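First up is the structure itself, then whatever we jot down about it.
Values below: all heavy atoms of this structure, side chains included; hydrogens, waters and symmetry mates excluded. Source: prediction; values computed, not measured.
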Amino acid sequence: MQTENSAPPAWRRYFAYLVVALMPISANIERLLSQKKPVYASPLDFLLPPLVLIVLVDLLLKKPWLKFKLPPVPTLLWASVAGISMLWIDGFPGQGTLKPALKDFAGVLLFGCIGVWAFLNVAADPVEARRLILILGASFSVCLLLALKQYVGPAGIPFDPDKPLQDLGGTTNMRLAGWYDFRAVFGSHVALLVPVAAAFAAWEKDPAVRYSAAVFGVLALCVTLAAGGFIGACAGVVAVAGACIATRRFIPATIILGGLVLTVALILPRLPRHNTEVLWRGVTLYADKDDKKTPTARLCRYQAALDLLNSPLDPQNGAGGRLWQRGVGIGSYQKNINRFYQSPYNKPGGRTDDEGSFDMDSDERFTFGFLETTAVELGVPGLLAVLLVFGGWILSAHSGFTHFASSENDDQRTRFAATIALAAFAAGTGALVLSIFASPMIPGVKGSFALFMALAYAVNRWAQEPKSQPTSGA
């Protein structure tokens, strides 16, 4: 039994609420820093370090409420591979080459490893974890409502860097993203949160939460014009239905699948922004240009990445090893891939801030696949490490869900734990599928990535705790 002295103080719980409420926000602070290219920042960049420090102090002081002394092993492996990869970056250890590597490595270490450990230790029980998820959902709902307002508003014209002061007249499909600048960031978050909403709609006992989650999921799918995010969200919803079927909850599974089919097959084709055509354009490898089928910027990049991975480690010795064996080093994707574009898959020549050239003459921002960049930068070892991260996340959540869903108890703790496990399982599935088309490790999204991965491991810990153990604050 936990006593009052064994529970964390209330201020620690409220600070965790603040972190979760603000972490979906992301903004371009390019002008504030007088930079010539976009610099995206999130409150999480400043709030996560003190949260980690708080948990670290608890560890040093051996506080009784600290449940996890180390981050999950897969995340430690991923961070280790990323750190070691800096040793073979071209020009290492020169300052010019090391700066982008350190930036990307810091992101993996802080948000993909240590941040997961911090969230593991602030979500002390199912009641608090559920509260964190609801706070996150409420926060992102504001962004969703902004996106809905943009969706029903007038369609604007693409931003032209040669005419930066012209009136855009509304929101283009590319900029339809709530408080984010581009649809791909909004879509990446939708890929995690729509599956979570489906889990709550299927398993939550509170009718208000259940119906609100269902409305959230349908609206998000209707206003999401980023193909990768949309596909990831659908995959997560299907995972929820599959988990319900596996536990013989056929009615929720039928409702979830029926709602998804109704949304995709009947609602989307009738929406005014031509969602189905826009989404298809976001994944196709060939598109119409000048009355002929032309490789998209996406296909050209894929071909360059494959040629890079198949190139020799030592250009002077073509018979040696290949780059797929170790990659080019973290943070070195763009620097290296530009050398491998070749006809007919030429490097897109459009400017990166010319919105009208996205998809064909320039890569759409934030649509570089997480698995794609990992394979190039960390090679097969890094790709396997990342797949192990997703595997640990999804399997841990599934194991926790199986335990609590099959429990004979129907108390509040068991119900909440089953819902959270299902939500973490669905979010992990959505994040994995998203990683083929975009990245869950970008500003505004990586906090949710860390939180739901942490909850996946937390549910297994709760399954081992005595059933009579009362809940406690974060």
Side-chain angles (χ1 to χ4, degrees), residues 1-10 12-17 20 55 58 63-69 72 116-138 195-213 239-240 243-244 246-249 251-252 393-428 448 451-474:
M1 296 288 289
Q2 290 185 349
T3 65
E4 183 178 355
N5 291 332
S6 68
R12 188 171 177 269
R13 182 171 70 250
Y14 297 139
F15 182 70
Y17 297 163
V20 171
V55 176
D58 289 344
K63 295 296 185 179
W65 56 76
L66 193 82
K67 301 292 183 65
F68 297 86
K69 295 184 178 180
V116 176
W117 173 68
F119 281 125
L120 273 169
N121 287 293
V122 298
D125 57 44
V127 174
E128 280 301 310
R130 177 178 179 271
R131 190 169 294 146
L132 291 176
I133 294 175
L134 294 180
I135 290 173
L136 174 61
V196 171
F200 272 77
W203 216 264
E204 173 68 35
K205 294 295 185 180
D206 187 331
V209 175
R210 187 168 66 249
Y211 297 141
S212 297
V240 170
C244 291
T247 53
R248 299 184 181 278
R249 307 295 176 97
I251 294 179
W393 175 352
I394 293 172
L395 291 177
S396 294
H398 183 269
S399 175
F401 174 70
T402 302
H403 172 85
F404 287 108
S406 60
S407 175
E408 296 180 357
N409 288 342
D410 193 32
D411 58 5
Q412 183 187 70
R413 178 181 184 275
T414 301
R415 293 197 306 270
F416 284 176
T419 304
I420 292 163
L422 182 59
F425 170 70
S448 296
L451 174 63
F452 287 109
M453 190 192 307
L455 293 179
Y457 286 97
V459 291
N460 282 309
R461 180 68 184 236
W462 301 335
Q464 300 170 14
E465 293 177 349
K467 296 178 182 179
S468 59
Q469 182 173 330
T471 58
S472 61

> Passes side chain to side chain contact (heavy atoms under 4.5 Å, CB included), F200 versus D206? Steps please.
Replying inline: CA-CA 9 Å; F200 272 77; D206 187 331; over 6 Å; no

> Is there a side chain to side chain contact (heavy atoms under 4.5 Å, CB included) between V20 and V122 once you walk through the steps?
Replying inline: CA-CA 11 Å; V20 171; V122 298; over 6 Å; no

Under the 3.5 angstrom rule, does the side chain of [X] hit a backbone N or O of [Y] as a donor-acceptor pair?
{"X": "S407", "Y": "H403", "value": "no"}
{"X": "N121", "Y": "F68", "value": "yes"}
{"X": "R415", "Y": "K205", "value": "no"}
{"X": "W65", "Y": "P9", "value": "no"}
{"X": "D58", "Y": "K63", "value": "no"}
{"X": "T402", "Y": "H398", "value": "yes"}

State the [atom1]-[atom2] distance between [X] and [Y], to the nearest 0.5 angstrom.
{"X": "E204", "Y": "L134", "atom1": "CD", "atom2": "CG", "result": "7.0 Å"}
{"X": "F119", "Y": "L451", "atom1": "CZ", "atom2": "CG", "result": "5.5 Å"}
{"X": "L120", "Y": "K67", "atom1": "CG", "atom2": "NZ", "result": "11.0 Å"}
{"X": "F452", "Y": "I394", "atom1": "CZ", "atom2": "CD1", "result": "14.0 Å"}

Looking at side-chain heavy atoms only, is the closest gap between [X] and [Y] below 4.5 Å?
{"X": "D125", "Y": "R413", "answer": "no"}
{"X": "W203", "Y": "C244", "answer": "yes"}
{"X": "L132", "Y": "L455", "answer": "no"}
{"X": "F401", "Y": "V459", "answer": "no"}

>> Using side chain to side chain contact (heavy atoms under 4.5 Å, CB included), reason through E128 and Y17 one step at a time and then give a plain yes or no.
In response: CA-CA 10 Å; E128 280 301 310; Y17 297 163; 2.6 Å; yes

>> Between W393 and V116, does the side chain to side chain contact (heavy atoms under 4.5 Å, CB included) criterion hold? Intermediate values first, please.
In response: CA-CA 11 Å; W393 175 352; V116 176; over 6 Å; no

> Below 6.0 angstrom between ring centroids: does that apply to W462 and F404?
Replying inline: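 No: the rings miss the under 6.0 Å criterion.
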
>> Using every non-hydrogen atom in the two residues, find where A426 and V240 come nearest and quote the distance to one decimal.
In response: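 Smallest interatomic distance, heavy atoms only, reads CB-CG2, 3.4 Å.
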
> So, for A123 and A129, which heavy atoms are closest and what is the spacing to 0.1 Å?
Replying inline: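 The answer is CB-CB, 4.1 Å.
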
